[in-house]
Asks: 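Structure in C-alpha cells, see below.
Chain A is the first sequence line, chain B the second, and so forth, proteins listed ahead of strands; every chain is numbered from 1. Values in this document were obtained by computation on a predicted structure and should not be read as measured data. Just so you know, these numbers use all the heavy atoms, side chains as well, and skip hydrogens, waters and symmetry mates.
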Protein chains: 2
Amino acid sequence: MAQAQTLSRNQQIVLDIIEKAKGPLKAYSILYNVQKKGINAPQQIYRALDKLIEMGKIHKIESKNAFVACRSSDCEISKATAFSICESCEKVDEVSDAKLSKYLSSFNHKKGMKFKRFNLEFFGLCKKCK
Amino acid sequence: MAQAQTLSRNQQIVLDIIEKAKGPLKAYSILYNVQKKGINAPQQIYRALDKLIEMGKIHKIESKNAFVACRSSDCEISKATAFSICESCEKVDEVSDAKLSKYLSSFNHKKGMKFKRFNLEFFGLCKKCK
DNA sequence: ATCATGGTGTTATAATATAACGTTTGTTAT
DNA sequence: ATAACAAACGTTATATTATAACACCATGAT
Ligand SMILES: [Zn+2]
Ligand SMILES: [Zn+2]
Ligand SMILES: [Zn+2]
Ligand SMILES: [Zn+2]
C-alpha cells in the first residue's frame with residue numbers, strides 16, 4: 001500500500017533511463033544523460049532516486065553506488081533485496097529466489113534483533129566471464 | 001595461507017583505532033583521530049583500510065561507508081560477511097551463523113553464476129531500541 | 001483563504017575516494 | 001653485502017558521491 005503510483009516528471013525521466021540501461025547506473029552518469037531534458041543539478045537526481053527507491057521501483061547497489069531497476073516482484077518495496085554482481089564485466093542481476101527470500105526474512109539474530117529488511121550482494125563471475 | 005600477519009605501522013594504527021571503537025568508523029573520522037600520530041592524508045588511511053580488508057581484519061559496511069573490526073572467525077578473509085544494523089542507534093554487529101553462512105556459500109544463481117563471495121546486511125532495531 | 005504536502009530549480013558545500021609521483025623500507029637472491 | 005624487487009610511505013592534487021539550504025509553485029484539505 002501507500003505508493004502514489006503516479007510519478008512526477010523528474011522521477012519518470014530518471015526511472016526511464018535506469019530501466020533502459022543494461023547495467024547499474026551511477027547518479028552522476030544519470031545526471032549527464034538528462035541534462036538535455038533540463039535537469040541540471042545532482043539534487044534533482046538524488047531526490048528522484050530517493051523516491052524511486054522508497055517506491056521499490058529501483059534499488060541501490062551499495063557496493064557500487066549505483067542504481068538498477070527492480071525486475072522482481074518478491075522484493076516488496078525494497079525490504080528484501082539480493083543481487084549477483086560479476087566482478088569482471090560488472091553485470092548485475094537481481095536474484096529473485098523465493099526460498100532465499102523466505103529464509104532471510106525469517107532469520108533472526110541470536111542477540112534479539114528483529115529485522116525489517118535486508119540486502120544481499122553476491123560476487124563472482126557471471127556465466128559469460130567464468 | 002598468504003597473509004603476512006605482520007602489520008605495517010600505519011596498518012596497526014588504523015586497526016587499533018577500529019578495534020577500540022564501539023561502532024563502525026568512517027575513513028575521515030579515523031583520519032582525524034590519528035593526525036597526532038603523523039598520518040595526514042586520506043590516502044594513508046585508505047591504503048591501510050584496503051590491506052586490512054584483504055587480510056580479513058576489518059570489514060566495510062557498504063550501506064554506511066564505514067569500517068568495523070572482524071569479530072568472527074567464520075568469515076574467512078572476508079569472503080562471507082553478514083551484519084545486523086540498527087536503524088535507530090546505528091549499532092552494527094557481525095552476524096556469525098554457521099548455517100546461514102553455509103546456506104549462502106552454497107547458493108548458486110539459476111542463471112549459472114558461481115559465487116566467490118557475499119555480503120549481507122540486515123536492518124532493523126536492536127534489542128535496546130525496539 | 002490558509003495551510004500543509006510534495007515537487008521543483010538553484011547555489012553552494014560536505015563527505016568519500018582515487019590518481020600520480022617520488023621516496024623509503026623490508027625481503028630475497030646472488 | 002649488495003643488488004633487485006616488492007610493499008609501504010608521504011604528499012599534492014583531484015575526482016566522485018552526496019547533502020544543506022532557500023525560494024518558488026502546484027495540489028488538495030480545512
Ligand atoms: Zn526488486
Ligand atoms: Zn561477467
Ligand atoms: Zn568477520
Ligand atoms: Zn539500536
Side-chain angles (χ1 to χ4, degrees), chain A residues 1-18 21 23-68 87 90 92 119 121, chain B residues 1-18 21 23-68 77 90 92 119 121:
Chain A
M1 71 204 85
Q3 74 265 47
Q5 214 54 309
T6 158
L7 301 183
S8 76
R9 174 183 149 79
N10 287 1
Q11 288 161 10
Q12 190 64 60
I13 290 171
V14 170
L15 179 57
D16 284 348
I17 195 169
I18 294 176
L25 290 183
K26 303 213 152 211
Y28 277 74
S29 125
I30 295 170
L31 176 57
Y32 300 137
N33 276 283
V34 298
Q35 291 190 324
K36 51 200 167 205
K37 305 219 175 182
I39 297 184
N40 305 299
Q43 268 290 4
Q44 297 172 281
I45 303 298
Y46 281 105
R47 285 199 286 231
L49 290 171
D50 286 348
K51 289 301 174 180
L52 291 168
I53 288 170
E54 261 181 51
M55 293 174 193
K57 303 272 188 195
I58 66 171
H59 303 300
K60 181 172 186 181
I61 307 298
E62 293 287 358
S63 61
K64 300 174 84 71
N65 298 316
F67 303 85
V68 295
E87 285 177 317
E90 312 274 283
V92 171
N119 179 58
E121 298 182 4
Chain B
M1 72 213 86
Q3 73 265 46
Q5 212 57 307
T6 159
L7 301 183
S8 76
R9 175 183 147 81
N10 287 1
Q11 288 160 13
Q12 191 64 60
I13 290 171
V14 170
L15 179 56
D16 283 348
I17 195 168
I18 295 176
L25 289 184
K26 304 213 153 212
Y28 275 74
S29 125
I30 295 170
L31 176 56
Y32 300 137
N33 276 283
V34 299
Q35 291 191 322
K36 51 200 165 202
K37 306 220 174 181
I39 298 183
N40 305 300
Q43 268 289 6
Q44 297 172 281
I45 303 299
Y46 282 104
R47 284 199 287 232
L49 291 172
D50 287 347
K51 290 299 174 182
L52 292 168
I53 288 170
E54 261 181 52
M55 293 175 193
K57 303 272 188 196
I58 65 170
H59 304 300
K60 180 171 187 183
I61 307 299
E62 294 286 358
S63 61
K64 300 174 84 72
N65 298 317
F67 304 85
V68 294
I77 317 295
E90 314 274 286
V92 171
N119 179 56
E121 298 182 3

Asks: Find the distance B:Leu49:CG to C:dT16:C1' and express it as a whole number of Å.
Replies: 12 Å

Asks: For nucleotides 13-27 of chain D, read 5' to 3', which letter fits each nucleotide if B means a protein heavy atom sits under 4.0 Å from the base, S means only the sugar-phosphate is that close, and - means neither?
Replies: ----BBBBB------

Asks: Does B:Ile30 reach the side chain of B:Leu49, with side-chain heavy atoms less than 4.5 Å apart?
Replies: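 Sidechains of B:Leu49 and B:Ile30: in contact.
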
Asks: Round to the nearest Å and state the distance from B:Leu52 atom CG to D:dA8 atom C1'.
Replies: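 Answer to the nearest Å: 13 Å.
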
Asks: Figure out the CZ/C1' separation between B:Arg9 and C:dG26, and round it to whole Å.
Replies: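 Taking atom C1' of C:dG26 as the reference, CZ of B:Arg9 is at 16 Å.
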
Asks: Do any side-chain nitrogens or oxygens of A:Gln44 fall under 4.0 Å of OP1 or OP2 in C:dT8?
Replies: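 For A:Gln44, the contact criterion (side-chain N or O under 4.0 Å from OP1 or OP2 of C:dT8) is not met.
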
Asks: Kindly say whether B:Gly38 contributes a backbone atom to a donor-acceptor pair with the side chain of B:Asn40 at under 3.5 angstrom?
Replies: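 Yes: the side chain of B:Asn40 pairs with the backbone of B:Gly38.
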
Asks: With a 4.0 Å limit, can you tell me whether B:Ser8 has a side-chain N or O closer than that to the phosphate oxygens OP1/OP2 of C:dT25?
Replies: no

Asks: May I ask you to decide if A:Asn10's main-chain N or O and A:Gln44's side chain share a donor-acceptor pair within less than 3.5 Å?
Replies: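 Side chain of A:Gln44 to backbone of A:Asn10: no pair is present.
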
Asks: Nearest heavy-atom pair of B:Tyr28 and B:Pro42: which atoms, and what distance?
Replies: OH-CG, 3.3 Å

Asks: So, is B:Asn40 near the phosphate of D:dT12, with a side-chain N or O under 4.0 Å from OP1 or OP2?
Replies: no

Asks: How close or far is atom P of C:dT10 from atom CD of A:Gln35, stated in whole angstroms?
Replies: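 Interatomic distance, CD of A:Gln35 to P of C:dT10: 11 Å.
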
Asks: Just the rounded figure in Å: distance from C1' of D:dC9 to CD1 of B:Ile45.
Replies: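 In whole Å, D:dC9 C1' and B:Ile45 CD1 are 13 Å from each other.
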
Asks: With a 3.5 Å distance limit and no angle check, can you tell me whether B:Lys26 reaches the backbone of B:Lys64 through a side-chain donor-acceptor pair?
Replies: yes

Asks: Is the side chain of A:Glu121 donor-acceptor paired with the backbone N or O of A:Ile61 at a distance under 3.5 Å, no angle test?
Replies: no

Asks: What is the distance from CD1 of B:Ile39 to P of D:dT11, rounded to the nearest Å?
Replies: 11 Å

